[in-house]
Amino acid sequence: MTLYDSGPATTRSELDRVLLDAGLITPEQLKAAQQARQEEQKITDVLIAQGAITPRDVAMALSLQLNLPLIDLKRHTVQSHALALVPEEIARRYNVTPLDVIDGELLVVMENPLDMRALEDISLRAGMRVRPVVGTREDIQAAHLLYYRARDEIKRQLEQIVPEPTPTPGGERLTAAMVAQNPVARVVELILGQAIRDRASDVHIVPDNGVLRVRYRIDGILHDALEAPLSVHAPLISRIKVLAGMNIAERRRPQDGQFVFWEGDGEVDVRVATADTARGEMAVLRILDKSLSLLELEELGFLPDAMTVYERLHTLPFGMLLVAGPTGAGKTTTLYATINRLDRNESNIMTIEDPIEYQFERINQIKVNRRAGVTFATGLRAIMRLDPDVILVGEIRDRETAETAVQAALTGHLVLSSIHANDAVGALYRLIDLGVEPFLVVSALVGVVAQRLVRKVCDHCRTLADVSPEERLAFEVELGSAPARFYRGQRCNFCAETGYRGRTGVFEVLTISEPIRRLIMQGAGADAIKAQAIADGMVTMRRDGMLTVQQGITTSREVIRNVYTIQ
């Protein structure tokens, strides 16, 4: 089928008839939609808005009506040579996705294959005949985000960057004009924009042997995104420093800063850290996307029993509740979901954070500002004089902050904070290592939540599959027996061929019971305290992870990779 061979002419009424004949709608639903329809509005859009049908139902009916294939873009790979024939602007204007070139014809997935203007325009630009096929609007728009990447545009802009001249004695290494030149600024915007669309949490810009590597951390894993000539390294790093309010002339000392970046209608905070390495200065940009919705406690991944215990702990009137884990384990997300659940009308909730990643209504948030003398410890002492009921301390990282937080918990406040520790029991010893006396720990602490993040099996390509003997053994050790097969992603376009999309938490929730208090005061070892916690009902992170595998949410390989480093 070619551009001029796209089936018989059809009308919208015929599509309505196909929907009726296929049993996708009833005559009553069609009549209600016709009555509610406004001028120039498609009847199918009204039916979708009323919940009578889905966009896929419309695509299926259109496929039957026109005798055209219905393409599921989750299962088909868009070919780069086809993509190059249709500019992103045109694809978005007509809501199409070029799929492949077959027998000299460009195969194009379209929401509306009857759009002759789109077919003519695409044919002229591509220089070949167009064969339309049917797809859903959501799949096509998702494909735009997935395939129309910024890489080619970045390369074009890189070619226009003027390399930094060799420094001369007493001369400037980099001029202000060079830092502000449009190609450099545009490259930084494109790199950040693509990172946000790819759901990256961090961007690494690292000089290597002869090239500058740009890498994205997505779902906790680093992926190579781009290689650029090493000659653009200095202008690029300097542009980032200017945005973050850092000193572009200082390249030997580590620096940090931050700036705000706008992507679409969303505001994104970007934290920047630089350091000099053996191959040159590297930069890491942490992306804090404010447009993302705040997660509720139920969305974090707590299993029912753990959720029950945690909800009891965070609703206590006073005491200290800690969230433990390494950097990037989702501790701040858990703390935010917790204070979002608390009553803000009858309680004064205050926070001291570095930085403030999400702003809440009716919660008073203070930002750490070391230049002004505002640290976690000094900010916490100031909060104590402001009649708080609940206090969130972003992180306990030194003795002064730990002791002040303990005193706040002992004087009738609920204190929530994060701490770096491998597991829940390790958080107890971390407090003691920071200089808090054991009797103060047992008096103030009410519980500890330790957590890790694991990648979730992609919903678009998940299927049952065999696993390795190592994964089966790990599952059997925790739960006693293993099923014959486990869920695993088969790799598709929507998960970037990884089999995973998104992350969830695995947890262990330790309640400070009387037996555990006695063990801490007696100076007992970590193994004894952990054994008592398990006897009290604590589910370890390993077991929690395998229970998550059992539900088909993640894989045993992910749990082994993220949790089994804990001894």
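- With respect to the salt-bridge test (charged N to carboxylate O, under 4.0 angstrom), the residues R472 and E476 do not qualify.
- Judged by distance alone, the side chain of D198 and the main-chain N or O of A200 form no donor-acceptor pair under 3.5 Å.
- Using a cut-off of 4.0 Å between Lys/Arg side-chain N and Asp/Glu carboxylate O, K530 and E508 are scored as not salt-bridged.
- The existence of a salt bridge linking E189 and R239 is excluded, since no basic side-chain nitrogen approaches an acidic carboxylate oxygen closer than 4.0 Å.
- For residues 318-333, no residue pair satisfies the salt bridge (charged side-chain N to carboxylate O under 4.0 Å, His left out) rule, not counting sequence neighbours.
- Looking at R557 and E471, a side-chain N of the basic residue comes within less than 4.0 Å of a carboxylate O on the acidic one, giving a salt bridge.
- Other residues, nucleotides and ligands place no more than 12 heavy atoms under 6.0 Å from the OH atom of Y487.
- In this structure a side-chain-to-backbone donor-acceptor pair under 3.5 Å is present from D544 to F507.
- F259 and F261 have their aromatic ring centers separated by at least 6.0 angstrom.
- Within the structure, side-chain hydrogen bond (donor to acceptor under 3.5 Å, both in side chains) contacts touching residues 517-526 (residues at least two apart or in different chains) are E514-R517.
- The ring of F475 has its center closer than 6.0 angstrom to the ring center of F486.
- In this structure the side chain of I352 reaches within 4.5 angstrom of the side chain of V374, judged on heavy atoms.
- Using bins of under 30°, 30° to 60° and over 60° for the plane-to-plane angle, the ring pair Y336/F360 lands in the perpendicular bin.
- Within a 6.0 Å radius of CD in E346, other residues, nucleotides and ligands contribute 12 heavy atoms or fewer.
- A donor-acceptor contact shorter than 3.5 Å links the side chain of E558 to the backbone of R455.
- Between D208 and R279 there is a salt bridge, since at least one side-chain N of the basic residue sits less than 4.0 Å from a carboxylate O of the acidic one.
- Using a 4.5 Å cut-off on side-chain heavy atoms (C-beta onward), T511 and M538 make no contact.
- Looking at T555 and Y500, their side chains do bring a donor and an acceptor atom within 3.5 Å of each other.
- Proximity of Q258 to L288: side-chain heavy atoms (C-beta onward) are nowhere separated by under 4.5 Å.
- Under a 4.0 Å N-O distance rule, the pair D459/R501 does not qualify as a salt bridge.
- Proximity of N422 to R452: side-chain heavy atoms (C-beta onward) are separated by under 4.5 Å at one or more points.
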| message | side chain to side chain contact (heavy atoms under 4.5 Å, CB included) for V368 and F376? Distances and angles first, verdict last. | response | CA-CA 7 Å; V368 167; F376 280 118; 4.0 Å; yes
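- Around CG of D305, the count of heavy atoms belonging to other residues, nucleotides or ligands within 6.0 Å does not exceed 12.
- Side chains of E353 and Q365: a donor on one and an acceptor on the other come within 3.5 Å.
- When the options K241, Q255, H233 are evaluated for a side-chain hydrogen bond (donor to acceptor under 3.5 Å, both in side chains) with E281, the one that passes is K241.
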